[in-house]
There are 2 protein chains.
Amino acid sequence: MHATPAAPRAVPSEPDQDRVFAALANATRREVLRLLRDGGPQPVRRLAEHFAMTRPSLSEHLKVLREAGLVSERRAGRQRIYRLEAAPLGEVQDWLGPYERFWRAKLAGLGTLLDRIPHEEAP
Amino acid sequence: MHATPAAPRAVPSEPDQDRVFAALANATRREVLRLLRDGGPQPVRRLAEHFAMTRPSLSEHLKVLREAGLVSERRAGRQRIYRLEAAPLGEVQDWLGPYERFWRAKLAGLGTLLDRIPHEEAP
DNA sequence: TTGACGCGTAGGGAATCCCCTACGTATGGT
DNA sequence: ACCATACGTAGGGGATTCCCTACGCGTCAA
């Protein structure tokens with residue numbers, strides 16, 4: 001059940017995974033991603049309207065997202081247009097893959113069935 | 001293209017999402033999840049063999065995973081058997097859903113097509 | 001009971017996070 | 001040239017992270 005045409009994707013190094021998950025571990029940054037997803041590429045000013053914090057603080061969140069590869073930036077006059085880059089999210093989904101059967105089993109009520117696994121006691 | 005039978009899932013509150021992503025933002029904790037996935041439920045002692053850090057440090061990582069709902073604990077004599085709880089990972093996949101078409105488009109070379117979105121300039 | 005085992009928690013220290021205010025830089029308008 | 005706009009960065013303070021060592025508690029073995 002791989003819905004994708006199995007396009008090969010570079011395997012991310014561990015610090016990269018750290019950065020992506022850490023970037024997602026903040027409601028403000030997840031909201032920025034949602035705004036870019038639903039509203040298309042936008043300048044910082046427009047994004048900042050949705051938050052209570054100061055604009056410099058938001059700028060730092062954007063930096064975290066940039067360094068995680070989740071957004072890209074293009075200059076247009078004195079504005080910086082930020083744009084969603086979803087590739088790292090695709091890697092997150094790839095990472096989730098091997099766990100999928102576990103929560104499916106749970107939903108299907110199969111419970112502990114998947115825990116019957118190569119099992120030896122330490123001596 | 002929803003590969004799942006669309007089983008309804010409780011929508012997680014934002015602090016919960018924070019905790020899950022933050023728990024995943026650490027290579028040691030992701031490795032613990034992998035060990036529980038591939039090796040089935042295990043006591044702390046067995047998990048600790050795979051890491052260079054001290055056992056108390058690993059215990060704290062397990063606490064983070066517990067508070068994120070990613071593992072559960074059962075007592076067996078003087079051991080605590082930890083077990084993978086994949087439900088929060090299912091919620092992560094649900095969260096990824098609305099972004100999926102973006103990296104699919106990228107893989108298909110559709111590039112900026114998805115950025116044609118309700119677009120107005122601020123006055 | 002005494003001692004070893006399995007595990008969690010307390011407490012501390014270096015690093016990082018997340019917010020702020022101040023300031024610097026580049027572009028655009030007049 | 002001048003000033004306003006759009007944005008990033010510096011620096012600081014309080015909270016949190018991640019590792020450590022020391023210790024406490026419950027369980028099994030002799």
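Protein chains get the first letters and strands the later ones, always in sequence-line order, with residue 1 at the start of each.
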May I ask you to verify if any side-chain N or O of [X] is less than 4.0 angstrom from the OP1 or OP2 atom of [N]?
| X | N | value |
| --- | --- | --- |
| His61(A) | dC19(C) | yes |
| Tyr82(B) | dG6(C) | no |
| Ser59(B) | dC7(C) | no |

Q: Flag this pair as yes if the NZ/CZ of Arg37(B) is under 6.0 angstrom from the six-membered ring centre of Tyr99(A) and inside a 45 degree cone about the axis; otherwise no.
A: yes
Rounding to a whole Å, what distance do you find between [X]:[atom1] and [N]:[atom2]?
| X | N | atom1 | atom2 | answer |
| --- | --- | --- | --- | --- |
| Lys63(A) | dC18(C) | NZ | P | 13 Å |
| Glu60(A) | dC23(C) | CD | P | 17 Å |
| Leu47(B) | dG8(C) | CG | P | 10 Å |
| Leu62(B) | dC7(C) | CG | P | 10 Å |
| Asp18(B) | dC17(C) | CG | P | 15 Å |
| Gln79(A) | dT27(C) | CD | P | 13 Å |
| Asn26(B) | dC17(C) | CG | P | 13 Å |

**Q.** Closest listed nucleotide, where the reference is the side chain of Arg45(B) and the choices are dG8(C), dG11(C), dG6(C)
**A.** dG6(C)
Q.
Using a 6.0 Å cut-off, check whether atom CZ of Arg45(A) has over 12 heavy atoms from anything other than its own residue.
A. no
(Q) Judged by each residue's nearest nucleotide on DNA chain C, which is more toward the 5′ side, Gly77(A) or Pro56(A)? (A) Pro56(A)
Q. Among Val71(A), Leu65(A), Val32(A), whose side chain to side chain contact (heavy atoms under 4.5 Å, CB included) with Tyr82(A) holds?
A. Val71(A)
Q. Can you check whether Leu35(B)'s main-chain N or O pairs, donor with acceptor, with Gln42(B)'s side chain at less than 3.5 Å?
A. yes
(Q) Between the side chains of Glu85(B) and Arg83(B), is the shortest nitrogen-to-carboxylate-oxygen separation below 4.0 Å, so that they form an ion pair? (A) yes
**Q.** Charged N-O contact under 4.0 Å between Lys63(B) and Glu60(B)
**A.** no
Q: Give Arg75(A) one of three labels, base, sugar-phosphate or nothing, depending on what nucleic acid heavy atoms sit under 4.0 Å from its own.
A: nothing
Q. Base, sugar-phosphate alone, or nothing: which one does Phe51(B) contact when heavy atoms must sit under 4.0 Å apart?
A. nothing
Q: Using chain B heavy atoms and a threshold of under 4.0 Å, write down where along DNA chain D the contacts begin and end, 5' to 3'.
A: dC18(D) to dC28(D)
Q. Hey, is the side chain of Arg78(B) pairing donor to acceptor with the base of dC7(C) inside 3.5 Å?
A. no
Q. On DNA chain D, nearest-nucleotide positions of Leu58(B) versus Arg55(B): which is more 5'?
A. Leu58(B)
Q.
Nearest 0.5 angstrom please: Ile81(B) CD1 to Arg75(B) CZ, how far?
A. 12.0 Å
